[in-house]
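Below is one structure, written out as structure tokens, with a few remarks after it.
Only a predicted model underlies this, so the values are computations on that prediction, with no experimental measurement involved. The first residue of the sequence shown is numbered 1, and numbering continues consecutively from there.
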Amino acid sequence: MSRRVMVVDGMGGRIGQEVVQRLRAAFGEHIEILAVGTNSTATTAMLKAGANRGATGENAVRVTAREADILIGPLSALIPDSMMGEVTPGMAEALALSGARKVMLPLTNPRIDLVGTTKDPLPHLLEEVISVVTSALKEEV
């Protein structure tokens, strides 16, 4: 059975687009990539990058977060009103309460400092995302 990996992003969707491209390169069609944007621009970018399916908005986040085995996105997706208000409290709650394994990138609002994380550039963080997803998929076999 194909594992379902949800990628969530907002704003311009560039981070989600890059995640989808790297997932597709690493796992081909062995995983199903579900792209969910807080807006249609983000969703479209992730679909163009190779996601299997895509949807936009709070209800799409709620439904897809229940279906996903692994959830990937910026940490700010778990924070209500982040991304200039694109992340609704309902989206943040659905993502935080999802039973999916969460692989979050430490990219947050400017007013939140994360302690104990590295300041690696985004390409290095994305390599780590693929490594964590690879380990998670092996654990589930």
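- L34 and L78 sit in two unconnected hydrophobic clusters of ILVMFWY residues. Membership requires side-chain heavy atoms under 4.5 Å apart, directly or through other members.
- By the salt bridge (charged side-chain N to carboxylate O under 4.0 Å, His left out) test, R53 is found to be paired with E32, E67, residues two or more places apart in sequence or in another chain being considered.
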Practice problem: Apply the test side-chain contact (heavy atoms from CB on, under 4.5 Å) to residues L137 and I70: give CA-CA distance (whole Å), side-chain angles for both, the deciding distance (0.1 Å), then the verdict. | Solution: CA-CA 9 Å; L137 292 173; I70 297 173; 3.9 Å; yes
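- Taking CZ of F27 as the reference point, atom CD1 of I130 lies at 5.5 Å (rounded to 0.5 Å).
- At a threshold of 4.5 Å between non-hydrogen side-chain atoms, the residues P106 and L125 count as touching.
- Summarising the geometry of H124 relative to D120, their closest heavy-atom pair is CB-CB, 3.9 Å, with the distance given to 0.1 Å.
- Interatomic distance, CE of M46 versus CD1 of I15, reported as 10.5 Å (0.5 Å rounding).
- Contact between A77 and L95 at its shortest, heavy atoms only, is O-CD1, 3.4 Å.
- In this structure the side chain of L122 reaches within 4.5 angstrom of the side chain of L107, judged on heavy atoms.
- One hydrophobic cluster, built from ILVMFWY side chains closer than 4.5 Å, cannot hold both V63 and V8; they sit in different ones.
- The heavy-atom pair separating T41 from N39 by the smallest distance is N-OD1, 2.9 Å.
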Quiz item: What do the steps show when you test D9 against M83 for side-chain contact (heavy atoms from CB on, under 4.5 Å), and what is the final call?
Solution: CA-CA 9 Å; D9 198 11; M83 296 186 195; 4.3 Å; yes
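- Atom CZ of R62 has more than 12 heavy atoms from other residues, nucleotides or ligands within 6.0 Å.
- Hydrophobic clustering (ILVMFWY, side-chain heavy atoms < 4.5 Å, transitive): V36 and L47 are in distinct clusters.
- Of all heavy-atom pairs spanning A65 and S98, the tightest one is O-OG, 2.7 Å.
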Quiz prompt | Test salt bridge (Lys or Arg N to Asp or Glu O under 4.0 Å) applied to E18 and R22, step by step | solution = CA-CA 6 Å; E18 185 70 27; R22 288 175 183 249; 2.9 Å; yes
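- Remark: T88 pairs with E58 by the side-chain hydrogen bond (donor to acceptor under 3.5 Å, both in side chains) rule, at least two apart or across chains.
- Note that the CD atom of E139 and the OG1 atom of T134 stand 11.0 Å from one another [nearest 0.5 Å].
- Annotation: the span from L71 atom CG to R101 atom CZ amounts to 12.5 Å, rounded to 0.5 Å.
- V132 and V20 fall within the same hydrophobic cluster, defined by Ile, Leu, Val, Met, Phe, Trp and Tyr side-chain heavy atoms under 4.5 Å apart, directly or through other members.
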Quiz item: V7 and Q17: side-chain contact (heavy atoms from CB on, under 4.5 Å), yes or no, with the steps?
Solution: CA-CA 9 Å; V7 180; Q17 179 181 31; over 6 Å; no
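- Across every non-hydrogen atom of A45 and G13, the tightest pair is CB-O, 4.0 Å.
- Counting only heavy atoms from C-beta outward, the side chains of N52 and E29 approach each other to under 4.5 Å.
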Practice problem: Give the C-alpha distance, both sets of side-chain angles, the deciding distance and a yes or no for side-chain contact (heavy atoms from CB on, under 4.5 Å) between V133 and I31. | Solution: CA-CA 11 Å; V133 171; I31 61 171; 5.6 Å; no
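- Within the 3.5 Å criterion, the main-chain N or O of S131 finds a donor-acceptor partner in the side chain of S135.
- The nearest pair of heavy atoms linking A42 to G37 is CB-CA, 4.1 Å.
- When each of I112, L105, L114 is checked for a side chain to side chain contact (heavy atoms under 4.5 Å, CB included) with L75, only L114 meets the rule.
- The hydrophobic cluster containing L97 does not contain M6, counting ILVMFWY residues as joined when their side-chain heavy atoms lie under 4.5 angstrom apart, directly or transitively.
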